[in-house]
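These numbers come from a predicted model, not from an experiment. When a ligand or atom number is given, it counts from 1 through the structure's own listing order. Positions are given from 1 along the sequence.
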Amino acid sequence: MTKAVKKAVIPAAGLGTRFLPASKAVPKEMLPIVDVPTIQLVIEEAVRGGIEQVVLVNGRHKSAIEEHFDHAYELEHTLAERGKTDELVVLSKVAELAQILSVRQKQPLGLGHAVLCAKDAVGEEPVAVLLADDLFDGGENPGIAQLTKAYADCGGAGVVAVMEVEEGQEHKYGIVAGELDERGFIRVTEMVEKPPPGTAPSRMAIIGRYVLPPEIWPALESTERGHGGEIQLTDAMRALVTDGPGLFAIPIEGQRYDAGDKLGFLHANLAFALKRNELRKPLLALMQALIDANLEESQV
Ligand code: UTP
């Protein structure tokens with residue numbers, strides 16, 4: 001029987017160049033979806049999926065993220081004095097969300113390298129990896145829960161979440177190909193990071209949720225710099241296929257937002273805001289007014 005997945009790694013040490021200048025002094029994982037930082041949404045998903053301990057991989061903005069998930073006694077004291085009890089409840093929930101520890105990636109050498117930085121904190125057990133700029137709305141069925149369930153059914157092989165992307169978009173993703181089994185899982189035989197246009201082996205793209213067995217550690221340790229001069233997680237996962245317990249790609253259900261990209265980030269903000277009762281109606285009115293004004297402008 002495979003061990004239950006109780007630990008997660010969340011890398012948040014990238015440069016976030018697509019969000020400069022906003023990400024100059026603040027990590028992009030702290031940028032809000034309405035009023036909640038993306039990294040908090042992702043940790044909430046992990047907790048709902050049964051994760052008990054989160055290892056954050058921080059970079060140069062280490063303190064902003066650590067402080068967000070810690071108690072802020074001065075602020076809490078002031079809020080209490082002013083009778084702001086709702087805000088106090090919200091803040092203490094964030095501070096008690098999960099057992100969080102953080103490690104440092106001293107240089108942004110790639111996602112694979114960031115995950116490897118968490119090796120000692122995780123140890124010899126399966127680990128969930130969630131990318132904090134990939135938001136996932138699976139309703140009652142959190143993305144990572146779909147994966148941990150699949151992992152328990154895959155005999156110790158790793159599992160990655162995949163979604164079919166539109167033709168022509170494959171070059172933006174890690175793409176997998178393999179044999180589809182009776183459960184609808186794909187036993188991965190081929191994997192390529194950001195294939196040049198027209199060369200992708202399929203349209204099944206890896207999205208930012210993984211459950212990896214302990215065999216990933218030696219695979220990461222022996223992975224050389226690949227695409228973009230970075231140590232790629234995809235390259236290490238390839239070693240699971242060739243020399244390890246294997247890898248399954250799990251088509252995942254739900255809505256995914258690429259919050260690491262400007263348009264995806266705006267999309268996520270609108271979609272999450274529309275789910276808030278107090279914002280839905282006024283936001284729809286604002287959007288309608290913007291649409292009308294822009295339609296008029298384009299007709300001039
Ligand atoms: P991305 O490639 O989306 O993030 O990495 P980035 O490099 O920060 O963003 P751009 O492309 O420059 O705008 C996916 C996740 O992996 C983390 C990032 O923080 C992000 O959450 N990451 C990436 C690291 O922690 N370390 C790295 O060296 C690279």
Mind checking whether F248 and Y151 have ring centres under 6.0 Å apart?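 No - the distance between ring centres of F248 and Y151 does not fall below the 6.0 Å cut-off.
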
Around E74, counting heavy atoms of other residues, nucleotides and ligands shown, do more than 12 lie under 6.0 Å from its CD? no

Per the under 4.0 Å non-hydrogen criterion, ligand 1 touches P11, A12, A13, G14, L15, G16, T17, R18, K28, E29, Q105, P108, L109, G110, L111, A114, D133

Give a yes-or-no answer on whether the side chains of E230 and H113 include a donor-acceptor pair shorter than 3.5 Å. no

Exercise: do E29 and T38 side chains pair donor with acceptor under 3.5 Å: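 E29 vs T38: no donor-acceptor pair found between side chains.
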
Measure across N269 and P32 and return the closest heavy-atom pair with its distance rounded to 0.1 Å. ND2-O, 3.3 Å

With K275 as the cation and F272 as the aromatic partner, state whether NZ or CZ is under 6.0 Å from the six-membered ring centre and within 45° of the axis. yes

